[in-house]
Novice: 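Attaching a single structure in structure tokens format; questions to follow.
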Amino acid sequence: MKLLVTGATGYIGSHAVLELLEAGHEVVGVDNLSNSSRESLRRVEALTGKAVPFVQADIRDRGAMAAVLNAGGPADGARAFDAVMHFAGLKAVGESTEQPVAYYENNVAGTLSLLDAMESAGVRRMIFSSSATVYGDPQSVPIAETTPVGSPSNPYGFSKLMIEQILRDLAAADPRWSVALLRYFNPVGAHSSGRIGEDPQGVPNNLVPYISQVAVGRREALSIFGDDYPTPDGTGVRDYIHVVDLARGHVRALEFLVNAGVGQTDPSGQSPRAAGDQAPANCPVWNLGTGRGYSVREAVAAFEKASGRTIPVRVAPRRPGDIAACYADPTLAREQLGWEAEHGLEAMMRDAWRWQRQNPQGYEG
Ligand code: NAD
Ligand code: UDP
């Protein structure tokens, strides 16, 4: 299949491009490079020996997106692309609280413009990067897809919730569309080659990139945001998932949409509704997590073991908006996609460390 991947030079996008190429698909990448480096896709090309045409464009530029989506279509008028994997978006939680309009504009308005361009090109299949943040502070863990969405604690989370709703409404209104909503838990790690990985700009917001930068000497100590949560050791518990497993989940979701004929118009012309709930069957939702939660202290210990380095820590106040524990019930993805995470915490930390050690300053180093 031929895919357009938005956010292709970013952390998860670059790993997904690699897995798509390895699975025999063809990819065109789009990114505005606001939070990533062109170098990531060059390395993907080197690793796979395959070319990835790249267009530097903003998803909010509807004309540019329509041009990309229509370009290179076969002469017989068939669609140029089979699907769009949509990773492009701003993702810094704290920044979203300071600049809510910029986040809604980029993420929500950007997705609307992309959808419009897709419609104009007759490309009506999308795999969307959502987040476990849409569950808000859940009443209980593990979290299954049947858990009602909650109230995210920041504009970034709301932007994901809004986009999910837009996509669900679109699928319900038009049976030709098929959309997979993938709710990620905590993606970490890097490709095992150490050639591509997470390269945050400035001070990392997330735990594993921060630990990695402490290990490599770029930061002094990790602040543990609260050790008085109702968890076994008092620190926050999360479901860390290896980015390569996550990327493979996207390939499975794509194959599911295509092979199950999701989104093909049925004779009645109605969007098929899933039994027992309001979600249209042409807009399935899957959690992508391991089902296992680890505390901040456990994550630090695993990183220390993988790297052989000591990570100095200090306990700091809780971070506003954080919840005590969040981990997935990944049963649905296993049953429907035949997908489950293969890498454990040790492999995640080993690969995160290899990437950081080999690229201490990220792609620009
Ligand atoms: P990332 O910042 O590395 O990648 C996102 C990419 O999108 C970047 O390369 C950026 O330059 C690009 N981009 C942003 N706005 C754009 C625009 N208007 N037009 C074109 N390109 C644009 O982030 P990531 O971690 O790879 O995340 C990918 C997706 O997954 C995002 O939508 C993010 O919200 C979502 N997600 C990430 C996590 C996580 O922890 N990393 C968790 C849940 C969901
Ligand atoms: N965390 C921490 N120190 C940091 C960054 C994160 O203690 O410098 C904790 C955070 O409070 C949470 C966990 O690590 O319990 C994962 O945070 P991250 O920001 O990586 O992901 P989130 O689950 O918030 O999306």
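By convention here, the first residue in the shown sequence is residue 1. Heavy atoms only: backbone and side chains are in, while hydrogens, waters and symmetry mates are out. Numbering of ligands and ligand atoms starts at 1, following listing order.
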Novice: Against E19, only a single residue in H191, H25, R248, H250 fulfils side chain to side chain donor-acceptor pair (under 3.5 Å); can you say which?
Specialist: R248
Novice: Is it the side chain, the backbone, both or neither of S223 that has a heavy atom closer than 4.0 Å to ligand 2?
Specialist: backbone
Novice: With heavy atoms under 4.0 Å as the rule, classify the contact between I59 and ligand 1 as side chain, backbone, both or neither.
Specialist: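 The answer is both.
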Novice: So, E95 versus Y156: side-chain donor-acceptor pair below 3.5 Å or not?
Specialist: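 No, Y156 and E95 have no side-chain donor paired with an acceptor closer than 3.5 Å.
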Novice: Considering F87, F128, Y156 one by one, which has a heavy atom nearer to atom 31 (C) of ligand 1 than any of the others?
Specialist: F87
Novice: Tell me which protein heavy atom sits closest to atom 13 (C) of ligand 2, plus the residue, atom name and distance to 0.1 Å.
Specialist: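 Closest protein heavy atom to atom 13 (C) of ligand 2: Y240 OH, 3.5 Å.
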Novice: Report yes or no: do T9 and S36 form a side-chain donor-acceptor pair below 3.5 Å?
Specialist: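 Yes, a side-chain donor-acceptor pair sits under 3.5 Å.
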Novice: Ignoring hydrogens, just give me the one of Y184, Y240, Y103 whose non-hydrogen atom is nearest atom 43 (C) of ligand 1.
Specialist: Y184
Novice: Using atom types as modelled and distance alone, determine if a side-chain donor or acceptor of N70 lies under 3.5 Å from a backbone N or O of A66.
Specialist: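 Yes.
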Novice: Among protein heavy atoms, which sits nearest to atom 27 (O) of ligand 1, and what does the distance come to when rounded to 0.1 Å?
Specialist: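 Answer, as residue, atom name and distance: I12 CD1, 3.8 Å.
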Novice: Can you report which non-hydrogen protein atom sits closest to atom 40 (O) of ligand 1, along with the distance?
Specialist: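 For this ligand atom, the closest protein heavy atom is P187 CD, 3.3 Å.
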Novice: Between H86 and T111, is any side-chain donor less than 3.5 angstrom from a side-chain acceptor?
Specialist: yes
Novice: Roughly how far, to the nearest 0.5 Å, is the OG atom of S96 from the CG atom of N106?
Specialist: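 Taking CG in N106 and OG in S96, the distance rounds to 12.0 Å.
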Novice: Strictly under 6.0 Å, is that where the ring centroids of H343 and Y240 end up?
Specialist: no
Novice: In ligand 1, which numbered atoms sit nearer than 4.0 Å to a non-hydrogen atom of S131?
Specialist: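 With S131 as reference, the close atoms of ligand 1 come out as 43 (C), 44 (C).
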Novice: Check each heavy atom of L207 against ligand 2 and say whether those closer than 4.0 Å belong to the side chain, the backbone, both or neither.
Specialist: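 Both parts.
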Novice: Using a 4.0 Å heavy-atom cut-off, say whether L222 meets ligand 2 through its side chain, its backbone, both or neither.
Specialist: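 Answer for L222: side chain.
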Novice: Hey, could you give me the OG/CD1 distance between S212 and I311, rounded to the nearest 0.5 Å?
Specialist: 8.0 Å
Novice: Mark up the atoms of ligand 1 that fall under 4.0 Å of a heavy atom belonging to L33, in ascending order.
Specialist: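 Near L33, the atoms of ligand 1 are 11 (O).
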Novice: If the cut-off is 4.0 Å to any non-hydrogen atom of S130, which atoms of ligand 1 fall inside it?
Specialist: 43 (C), 44 (C)
Novice: Using a 4.0 Å heavy-atom cut-off, which part of N186 comes near ligand 2: side chain, backbone, both, or neither?
Specialist: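 Looking at N186 and ligand 2, just side chain atoms fall under 4.0 Å.
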Novice: Could you tell me whether some N/O pair between N32 and ligand 1 is separated by less than 3.5 angstrom?
Specialist: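 N/O-N/O distance below 3.5 Å exists for this pair.
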Novice: Answer with yes or no whether G110 contacts ligand 1, where contact means a heavy atom under 4.0 Å from a ligand atom.
Specialist: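 For ligand 1, residue contact (heavy atoms, under 4.0 Å) with G110 is absent.
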Novice: Taking CD in Q201 as the centre, count heavy atoms belonging to other residues, nucleotides or ligands within less than 6.0 Å. Is the count above 12?
Specialist: yes
Novice: Using heavy-atom distances only, which candidate in L114, N35, T6, D31 approaches atom 6 (C) of ligand 1 most closely?
Specialist: D31
Novice: Heavy-atom contacts with S129 under 4.0 Å: which atoms of ligand 1 show up? List them by number with element.
Specialist: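 With S129 as reference, the close atoms of ligand 1 come out as 29 (C), 30 (O), 32 (O), 35 (C).
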Novice: Taking non-hydrogen atoms only, is A8 closer than 4.0 angstrom to ligand 1 via side chain, backbone, both or neither?
Specialist: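 The answer is neither; A8 stays 4.0 Å or more away.
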Novice: Looking at ligand 1, does any of its N/O atoms fall within less than 3.5 Å of an N/O of K160?
Specialist: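 Yes - when backbone and side-chain N and O of K160 are compared with those of ligand 1, one distance drops under 3.5 Å.
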Novice: Could you tell me whether ligand 2 has any atom less than 4.0 Å away from a heavy atom of Y294?
Specialist: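 Heavy atoms of Y294 never come under 4.0 Å of ligand 2.
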Novice: Residue-level breakdown please: for D322 versus ligand 2, do any non-hydrogen atoms fall below 4.0 Å on the side chain, on the backbone, on both, or on neither?
Specialist: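 Looking at D322 and ligand 2, just side chain atoms fall under 4.0 Å.
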Novice: Would you please indicate yes or no on a ring centroid separation below 6.0 angstrom for W355 and Y363?
Specialist: yes
Novice: Using heavy atoms and a threshold below 4.0 Å, how should the contact between V30 and ligand 1 be classified: side chain, backbone, both, or neither?
Specialist: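 It is neither; nothing of V30 touches ligand 1.
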Novice: For ligand 1, note which part of A132 has a heavy atom under 4.0 Å away: side chain, backbone, both or neither.
Specialist: neither
Novice: Nearest heavy atom to atom 18 (N) of ligand 1 wins, so pick from N106, D61, V55.
Specialist: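 Looking at heavy atoms only, the winner is N106.
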Novice: Can you tell me which residue and heavy atom of the protein come closest to atom 4 (O) of ligand 1, and the distance to 0.1 Å?
Specialist: G10 CA, 3.5 Å
